[in-house]
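All remarks here apply to the structure that follows.
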Amino acid sequence: MAKVNYSNPVELRIAGYMALKEALGIDNAIRFMQDCYPGSGDYTKEKYERPEVSHEEAVAMIKEYERTKAAS
């Protein structure tokens with residue numbers, strides 16, 4: 001098995017998830033991740049504390065983010 005040095009954390013995470021899936025199968029990989037990362041907070045409560053964002057507002061926010069990121 002060849003080892004690869006992943007310098008990009010996203011690529012490393014994807015490779016790790018793929019290795020889990022190959023070793024355990026998708027169902028067990030998901031159960032393993034849920035066991036390791038149980039989450040926190042109250043999603044239902046927090047969901048209603050945030051204001052609703054329309055599709056158009058979300059697209060505008062993404063475009064603004066991309067414009068700002070490209071300028072830096």
Side-chain angles (χ1 to χ4, degrees):
M1 173 188 244
K3 291 187 180 182
V4 179
N5 183 12
Y6 292 97
S7 59
N8 181 324
V10 174
E11 291 176 359
L12 176 63
R13 192 173 308 118
I14 290 170
Y17 290 149
M18 295 304 292
L20 274 175
K21 184 184 121 196
E22 292 299 316
L24 302 176
I26 190 70
D27 293 337
N28 288 322
I30 291 170
R31 286 203 322 249
F32 175 80
M33 287 187 287
Q34 288 173 332
D35 187 51
C36 290
Y37 309 104
S40 63
D42 184 341
Y43 169 77
T44 304
K45 178 183 172 201
E46 292 170 8
K47 173 184 170 186
Y48 293 107
E49 290 175 348
R50 285 186 248 147
E52 290 291 322
V53 177
S54 70
H55 176 75
E56 292 78 15
E57 291 171 314
V59 170
M61 291 165 63
I62 292 168
K63 287 181 179 178
E64 177 63 19
Y65 170 77
E66 290 173 344
R67 185 187 67 74
T68 307
K69 188 174 178 182
S72 59

CA sep, side-chain torsions, deciding dist, call: Glu64, Arg67, salt bridge (charged side-chain N to carboxylate O under 4.0 Å, His left out)
CA-CA 5 Å; Glu64 177 63 19; Arg67 185 187 67 74; 2.6 Å; yes
Mind checking side-chain hydrogen bond (donor to acceptor under 3.5 Å, both in side chains) for [X] and listing every partner two or more places apart, or none if nothing turns up?
{"X": "Glu57", "answer": "Ser54"}
{"X": "Arg13", "answer": "none"}
{"X": "Ser40", "answer": "none"}

Met18-Leu12 co-clustered via ILVMFWY side chain contacts under 4.5 Å:
no
State yes or no: do Tyr37 and Tyr43 share one hydrophobic cluster built from I, L, V, M, F, W and Y residues joined by side-chain heavy-atom distances below 4.5 Å, directly or via other members?
no
Give, for atom CG of Asp27 and atom CZ of Phe32, the distance between the pair rounded to the nearest 0.5 Å.
15.5 Å
Please round to the nearest 0.5 Å and tell me the distance separating atom CD1 of Ile30 and atom CG of Asp35.
13.5 Å
Please find the pair of heavy atoms, one from Leu24 and one from Ala29, that lie closest to each other, and give the distance.
CB-N, 3.9 Å
Can you see which heavy atom on Glu46 is nearest to which on Gly41, and at what distance?
OE2-CA, 3.9 Å
For Met33, look at atom CE and say whether over 12 heavy atoms of other residues, nucleotides or ligands are found less than 6.0 Å away.
yes
